[in-house]
A.B. asks: 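Structure provided below as structure tokens; questions to follow.
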Amino acid sequence: MATQTVIRDPEATRNKIVCAAFAEFYRQGFQGGSLARIVEGAGVTKGALFHHFSGKEALGYAVLDEVIGPLLQQRWLASLIGSPDPIGAMQQAFRKFIRTDIDSGHFALGCPLNNLAQEMSPLDPSFRGRIDSLYLAWREGIALALADGMAQGTVRVDVSPQSAAAFIVAAQMGIWGTGKFSQDGALMMQAGEAICDYLETLRA
């Protein structure tokens, strides 16, 4: 009788754990998140989890670095790189992802980055450092896109890219926060249209 070979893929196992942790922390918060549920969701053993991560904090840092950071880049910054119309790209992103999150029901859970920022920044310096770095990259990406738009004549030259970027990121936090506390998709869409109206005022 032939012996069946078991193929182990440590990287795939680690990725399953990180994805399951993201889902758990998004639904339950970091402090309310359960390692037992993460193990169950990933379909691995607790031993496998601790093989890859020293504890819950290390797993939380991985979620920020490997899931939330790339998600932020994909949603909010990728379309701005080299765009001749950064204002239109941002308006499209707000409308698209507000609609996407309402349709999926995720709007009721808020923004995963903002959730962790509010919960963990006051409690853990390593969380705060990672979260601050993500917000800084977000603001810098928007400011750079607006500056490029000014150079191309699509953004008003009297706009402060840094100030506008700080406001736009804060608005995103407020819009998703509005969806979470109100559980009202229509109100969230109304807030989204308000930021789109603001963005229109930045056009040259």
Side-chain angles (χ1 to χ4, degrees), residues 11-35 37-42 44 49 52-81 89-90 92-145 165-181 188 191-192 195:
E11 191 58 34
T13 298
R14 186 183 184 282
N15 187 59
K16 287 180 183 177
I17 294 168
V18 173
C19 290
F22 168 74
E24 174 69 6
F25 297 152
Y26 190 27
R27 293 189 196 98
Q28 306 296 334
F30 179 78
Q31 295 175 89
S34 162
L35 291 182
R37 284 194 296 265
I38 291 169
V39 165
E40 181 180 359
V44 302
L49 186 151
H52 290 282
F53 301 98
S54 59
K56 191 176 180 182
E57 287 77 13
L59 187 51
Y61 305 154
V63 165
L64 275 168
D65 296 342
E66 300 170 31
V67 180
I68 294 178
L71 182 62
L72 186 157
Q73 178 71 29
Q74 173 203 335
R75 280 196 164 200
W76 301 111
L77 295 176
S79 65
L80 297 180
I81 297 172
M90 282 186 279
Q92 184 178 21
F94 271 106
R95 289 174 173 136
K96 175 182 177 180
F97 292 119
I98 288 171
R99 183 78 263 170
T100 296
D101 284 0
I102 289 172
D103 289 346
S104 68
H106 290 158
F107 81 100
L109 298 174
C111 166
L113 177 57
N114 192 28
N115 290 351
L116 282 174
Q118 292 191 35
E119 180 186 9
M120 297 306 298
S121 285
L123 304 178
D124 185 301
S126 291
F127 266 106
R128 183 168 61 250
R130 284 172 165 82
I131 289 165
D132 284 348
S133 293
L134 290 177
Y135 277 124
L136 177 61
W138 193 355
R139 291 191 298 268
E140 288 181 341
I142 292 174
L144 179 60
F167 179 74
I168 293 163
V169 171
Q172 188 277 350
M173 295 167 65
I175 291 166
W176 265 255
T178 293
K180 182 178 180 179
F181 78 71
M188 186 177 177
I195 187 62

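These figures come from a predicted structure and were not determined experimentally.
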A.B. asks: Under the rule for side-chain contact (heavy atoms from CB on, under 4.5 Å), what residues qualify as partners of Arg99, not counting sequence neighbours?
C.D. replies: Ile102, Asp103, Met189
A.B. asks: If only atom types and distance count, is the side chain of Tyr26 paired as donor or acceptor with the main-chain N or O of His106 below 3.5 Å?
C.D. replies: yes
A.B. asks: Taking side chain as C-beta onward, heavy atoms only, is Gln172 less than 4.5 Å from Cys111?
C.D. replies: yes
A.B. asks: Got a salt bridge between Glu66 and Arg14, using NZ or NE/NH1/NH2 to carboxylate O under 4.0 Å?
C.D. replies: yes
A.B. asks: Do any N or O atoms from the side chain of Lys56 and from the backbone of Gln31 form a donor-acceptor pair under 3.5 angstrom?
C.D. replies: yes
A.B. asks: Quick one: do the Lys180 and Asn114 side chains pair a donor with an acceptor below 3.5 Å?
C.D. replies: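 Result is no, nothing qualifies.
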A.B. asks: Between Glu24 (side chain) and Ser34 (backbone), is there a donor-acceptor pair under 3.5 Å?
C.D. replies: yes
A.B. asks: Is it true that, when you exclude Gln28 itself, more than 12 heavy atoms of the residues, nucleotides or ligands shown sit nearer than 6.0 Å to its CD?
C.D. replies: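 Yes, because the 6.0 Å sphere around CD of Gln28 holds more than 12 heavy atoms from other groups.
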A.B. asks: Are the aromatic rings of Phe127 and Phe30 close, with centres under 6.0 Å apart?
C.D. replies: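 Centroid separation for Phe127 and Phe30: below 6.0 Å.
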A.B. asks: To the nearest 0.5 Å, what is the distance between CG (Leu72) and CG (Leu64)?
C.D. replies: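 Nearest 0.5 Å value for the CG-CG distance: 10.5 Å.
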A.B. asks: Is any side-chain heavy atom of Asp124 closer than 4.5 Å to a side-chain heavy atom of Arg130?
C.D. replies: no
A.B. asks: Is any side-chain heavy atom of Gln92 closer than 4.5 Å to a side-chain heavy atom of Ser79?
C.D. replies: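 Side-chain contact under 4.5 Å: no.
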A.B. asks: Parallel, tilted or perpendicular, judged at 30° and 60°: which one describes the rings of Trp76 and Trp176?
C.D. replies: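 Perpendicular, since the angle between the ring planes exceeds 60°.
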A.B. asks: Atom OG1 in Thr100, atom CZ in Arg95: separation rounded to 0.5 Å?
C.D. replies: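 Rounded to the nearest 0.5 Å, the OG1-CZ separation comes to 14.0 Å.
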A.B. asks: Identify, with sequence neighbours excluded, every residue that meets ring-ring contact (aromatic ring centres under 6.0 Å, His included) alongside Phe107.
C.D. replies: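 ring-ring contact (aromatic ring centres under 6.0 Å, His included) check on Phe107 returns nothing, list empty.
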